[in-house]
**Student:** 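What follows is a structure written as structure tokens; I'll ask about it next.
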Amino acid sequence: GLAGRKVNILVVGLDNSGKTTIIERLKPRPKQNAEVAPTVGFSVDELQKGALTFTVFDMSGAGRYRTLWEQYYREADAVIFVVDSADKLRMVVSRDEMELLLKHPNMRAVPVLFFANKHDLPVAMPPVEIAQALGLNDIKDRPWQIMPSNGLTGEGVDKGMDWLAERLE
Ligand code: GTP
Ligand code: MG
């Protein structure tokens, strides 16, 4: 890949799934915030990942802000879709939002990384079950991957980002 190439990463998923927490783990340790609060609207961060410069759009997952997501579809070079593995009740809401995103006319055939986040919780669904609940095997028009993660410790986060970076180089 070209050194210093800039890519836009759109981070979406329901409120409380752990998007902002995961993004903190991507920052150099001294810059990481220990506490995160629910995102209002969205926030933008620029992060270095190997030869790539990621411009990360951290969207709020709250219902009243979800309509903002589509404003950034056209510019997205990749999507990170975060799912709370323990939120069984809202898995169908996650699926609905994901389907709307994938079929949106402004969304190109960019890679999608799914974080099965909060993998540490005892009631967390295994990634294969989440993949089934979301119907991920029906996605044929773009590269996708599901990765279990723990936003608090960072477990699984780098592995997921490595997969994404390989698809962007
Ligand atoms: P919105 O900005 O409202 O859309 O939420 P978000 O998806 O950015 O979630 P956020 O990162 O604010 O995290 C929500 C809560 O989940 C926080 O209390 C985090 O500490 C917690 N959390 C995030 N990741 C994990 C995880 O992997 N395991 C556990 N147990 N808690 C997590
Ligand atoms: Mg947030």
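Both counts, for ligands and for their atoms, begin at 1 and track the order of listing.
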**Student:** Please report which non-hydrogen protein atom sits nearest to atom 24 (N) of ligand 1, along with the residue it belongs to and the distance in Å to one decimal place.
**Tutor:**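 Protein heavy atom at minimum distance: Asn117 ND2, 3.1 Å.
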**Student:** Just to be sure I'm reading this right: ignoring hydrogens, which of Asn16, Asp120, Thr153, Asp84 gets closest to atom 5 (O) of ligand 1? Compare them by their nearest heavy atoms.
**Tutor:**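 Ranked by closest heavy atom to atom 5 (O) of ligand 1, first place is Asn16.
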**Student:** For ligand 1, note which part of Leu121 has a heavy atom under 4.0 Å away: side chain, backbone, both or neither.
**Tutor:**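 Just the side chain.
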**Student:** Short list, please: which atoms of ligand 1 are under 4.0 Å from a heavy atom of Ser60?
**Tutor:**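 Every atom of ligand 1 under 4.0 Å from some heavy atom of Ser60: 4 (O).
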**Student:** Test your reading of the model: is there a side-chain donor-acceptor pair from Arg25 to the backbone of Thr153, 3.5 Å cut-off?
**Tutor:**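 Absent.
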**Student:** Identify the two heavy atoms, one from Ala62 and one from Asp15, that lie closest to each other, and give their separation to 0.1 Å.
**Tutor:**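 Nearest heavy atoms, Ala62 then Asp15: N-CB, 3.6 Å.
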**Student:** Considering heavy atoms of the protein only, find what lies nearest to atom 20 (O) of ligand 1 and give residue, atom and distance to 0.1 Å.
**Tutor:**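 Its nearest protein heavy-atom neighbour is Leu152 CD2, 3.5 Å.
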**Student:** Looking only at heavy atoms, what is the nearest atom pair of Asn117 and Gly151, with distance?
**Tutor:**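 Shortest heavy-atom separation between Asn117 and Gly151 comes out as OD1-N, 3.1 Å.
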**Student:** To check your reading of the model: name the closest protein heavy atom to atom 7 (O) of ligand 1, its residue, and the distance in Å.
**Tutor:**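 That would be Lys19 NZ, 2.7 Å.
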**Student:** If only side-chain N and O atoms count, and only distance matters, is there a donor-acceptor pair under 3.5 Å linking Glu155 with Ser149?
**Tutor:**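 No.
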**Student:** Looking at Asn150, which atoms of ligand 1 are within less than 4.0 Å of one of its heavy atoms?
**Tutor:**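 Matching atoms, with element in brackets: 26 (C), 27 (O), 28 (N).
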**Student:** Going through the distances and angles, do Lys6 and Asp77 end up as a salt bridge (Lys or Arg N to Asp or Glu O under 4.0 Å)?
**Tutor:** CA-CA 9 Å; Lys6 278 192 147 188; Asp77 297 306; over 6 Å; no
**Student:** Going by the side-chain contact (heavy atoms from CB on, under 4.5 Å) test, name the single residue among Arg167, Met107, Arg108 that passes it with Arg142.
**Tutor:**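 Of the listed residues Arg167, Met107, Arg108, the side-chain contact (heavy atoms from CB on, under 4.5 Å) partner of Arg142 is Met107.
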**Student:** Which protein non-hydrogen atom lies closest to atom 23 (C) of ligand 1, naming both residue and atom, and how far is it?
**Tutor:**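 Result for atom 23 (C) of ligand 1: Thr21 OG1, 3.5 Å.
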**Student:** With the threshold set at under 4.0 angstrom, would you say Gly13 reaches ligand 1 through any of its heavy atoms?
**Tutor:**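 In this structure, Gly13 fails to qualify as a contact of ligand 1 - no heavy atom is under 4.0 Å.
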**Student:** Any idea which atoms of ligand 1 are less than 4.0 Å away from a heavy-atom of Pro38?
**Tutor:**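 Numbered from 1, ligand 1 contributes 2 (O), 3 (O).
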**Student:** Is the closest side-chain heavy-atom distance between Leu113 and Trp163 below 4.5 Å?
**Tutor:**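 They are in contact (side-chain heavy atoms under 4.5 Å apart), so the answer is yes.
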**Student:** Side chain or backbone, does Thr39 bring an N or O within less than 3.5 Å of an N or O on ligand 1?
**Tutor:**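 Yes; the residue has a nitrogen or oxygen that sits under 3.5 Å from a nitrogen or oxygen of the ligand.
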**Student:** Look up atom 10 (P) of ligand 1 and tell me if a protein heavy atom lies less than 4.0 Å from it?
**Tutor:**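 Flag for atom 10 (P) of ligand 1 set to true, protein heavy atom closer than 4.0 Å.
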**Student:** So which atom in Leu168 and which in Pro111 form the shortest heavy-atom distance, rounded to 0.1 Å?
**Tutor:**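 Shortest heavy-atom contact: CD2-CG, 4.4 Å.
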**Student:** Should the ring pair Phe114 and Phe81 be called parallel, tilted or perpendicular, given that the plane angle runs from 0 to 90° and is split at 30 and 60?
**Tutor:**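 Ring orientation, 0 to 90° scale: tilted.
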**Student:** Is Thr20 close enough to the Mg ion (ligand 2) to have an N, O or S atom under 2.8 Å?
**Tutor:**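 Checking Thr20: at least one N, O or S atom is under 2.8 Å.
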**Student:** Yes or no: does Leu14 have any heavy atom under 4.0 Å from an atom of ligand 1?
**Tutor:**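 It does, in that a heavy atom of Leu14 comes within the 4.0 Å cut-off of ligand 1.
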**Student:** Suppose we measure from atom 12 (O) of ligand 1 to each protein heavy atom; which comes out shortest, and what is that distance?
**Tutor:**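 Closest protein heavy atom to atom 12 (O) of ligand 1: Val36 CG2, 3.5 Å.
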**Student:** Strictly under 2.8 Å, is the Mg ion (ligand 2) approached by any N, O or S atom of Thr39?
**Tutor:**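 An N, O or S atom of Thr39 is closer than 2.8 Å to the Mg ion (ligand 2), so yes.
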**Student:** Give the residue, atom name and distance (to 0.1 Å) of the protein heavy atom nearest atom 16 (O) of ligand 1.
**Tutor:**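 The protein heavy atom lying closest is Lys118 NZ, 3.1 Å.
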**Student:** Please list the nearest protein heavy atom to atom 27 (O) of ligand 1 with its residue and the distance rounded to 0.1 Å.
**Tutor:**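 So the nearest neighbour among protein heavy atoms is Gly151 N, 2.8 Å.
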**Student:** What closest approach, in Å, do Arg5 and Glu169 show between heavy atoms, and which atom pair accounts for it?
**Tutor:**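 Closest approach of Arg5 to Glu169, heavy atoms only: NH2-N, 4.3 Å.
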**Student:** Classify the angle between the aromatic ring planes of Tyr72 and Phe42 as parallel (below 30°), tilted (30 to 60°) or perpendicular (above 60°).
**Tutor:**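 Tilted: the ring planes of Tyr72 and Phe42 meet at 30° to 60°.
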